[in-house]
Amino acid sequence: MKILHHPGRDDIQLTSVLYALSDPIRLEIVTRIAKNGENPCSTFDLPVAKSTVSHHIRTLREAGVIRVRVQGTQHYLTLRTEDLEERFPGLLGTILNAAGHSS
């Protein structure tokens, strides 16, 4: 099984987080996780190909925005709210509010 890289809290970079959240599809993924809590990848019905969704999830994971937990064949997505709040206080909530969503 492939080991997924998640940056440590101190390795999360502001520019990477902002880049990851700048795409509308990635912002939609984050918004849904913020609203519903942990979600399996299979629940995201987005207007792009599955391979594109995988790319967006990888971008969010590598930026430190989400954590991916593998259980069997399912991948579960969770926001790294505590880590982001510790590194950049108020950032995630501000972005979600500006996008018209609440955290």
Side-chain angles (χ1 to χ4, degrees):
M1 178 165 78
K2 182 178 178 184
I3 304 288
L4 300 176
H5 171 73
H6 295 88
R9 177 184 290 177
D10 293 336
D11 296 327
I12 298 173
Q13 299 297 313
L14 179 61
T15 53
S16 298
V17 172
L18 293 175
Y19 171 76
L21 295 174
S22 69
D23 183 273
I25 297 293
R26 292 192 289 264
L27 187 57
E28 178 64 25
I29 292 169
V30 169
T31 299
R32 289 186 192 182
I33 298 170
K35 181 178 178 184
N36 302 322
E38 184 178 65
N39 277 304
C41 289
S42 61
T43 63
F44 293 99
D45 184 26
L46 298 165
V48 293
K50 280 187 177 185
S51 61
T52 304
V53 173
S54 294
H55 166 76
H56 287 307
I57 290 170
R58 185 181 80 227
T59 300
L60 289 166
R61 176 179 48 80
E62 290 177 349
V65 177
I66 64 171
R67 182 167 304 281
V68 179
R69 178 176 63 86
V70 179
Q71 184 173 343
T73 60
Q74 198 64 259
H75 290 71
Y76 292 89
L77 310 179
T78 307
L79 278 180
R80 294 181 63 179
T81 308
E82 288 182 20
D83 291 337
L84 290 171
E85 192 61 29
E86 176 74 24
R87 288 283 290 150
F88 314 110
L91 178 68
L92 185 59
T94 301
I95 289 173
L96 292 173
N97 286 334
H101 309 286
S102 59
S103 59

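The first residue in the sequence is number 1, and the count goes up from there. What you see is a predicted model, and the numbers here were worked out from it, not measured in a lab.
In this structure, CG in D11 is found 7.5 Å from CD in Q13, a value given to the nearest 0.5 Å.
For A63 against S16, the heavy-atom pair with the smallest separation is CB-O, 3.5 Å. The two atoms that bring C41 and L77 nearest to each other are SG-CD2, 3.7 Å, heavy atoms only. Minimum heavy-atom separation, H75 to L4: CD2-CD1, 4.2 Å. Taking both residues in full, the closest heavy atoms of F44 and I29 are given as CE2-O, 3.9 Å, listed atom of the first, atom of the second, then distance. Counting all heavy atoms, side chain and backbone alike, I12 lies closest to G64 at CD1-O, 3.7 Å.
No side-chain heavy atom of R58 sits less than 4.5 Å from a side-chain heavy atom of V68. Counting heavy atoms from C-beta outward, T78 and I66 have side chains that stay 4.5 Å or more apart. Taking the side chain as every heavy atom from C-beta outward, L92 and L21 approach each other to under 4.5 Å.
Partner L60 forms a side chain to side chain contact (heavy atoms under 4.5 Å, CB included) with one of D23, L27, V30 and no other, that one being V30.
Qualifying side chain to side chain contact (heavy atoms under 4.5 Å, CB included) partners for T43, counting only residues two or more places apart in sequence or in other chains: N39, P40. For the side chain to side chain contact (heavy atoms under 4.5 Å, CB included) test, residues two or more places apart in sequence or in another chain that qualify with L91 are L14, V17, L18, F88, I95. Residues satisfying the side-chain hydrogen bond (donor to acceptor under 3.5 Å, both in side chains) test with R26, not counting sequence neighbours, are H56. With sequence neighbours excluded, the residues that form a side chain to side chain contact (heavy atoms under 4.5 Å, CB included) with V53 are L46, V48, I57.
The side chain to side chain donor-acceptor pair (under 3.5 Å) analysis of residues 81-93, with sequence neighbours excluded, yields the pairs R9-D83, R80-D83. Within the structure, side chain to side chain donor-acceptor pair (under 3.5 Å) contacts touching residues 59-72 (residues at least two apart or in different chains) are E38-R69, R69-Q71.
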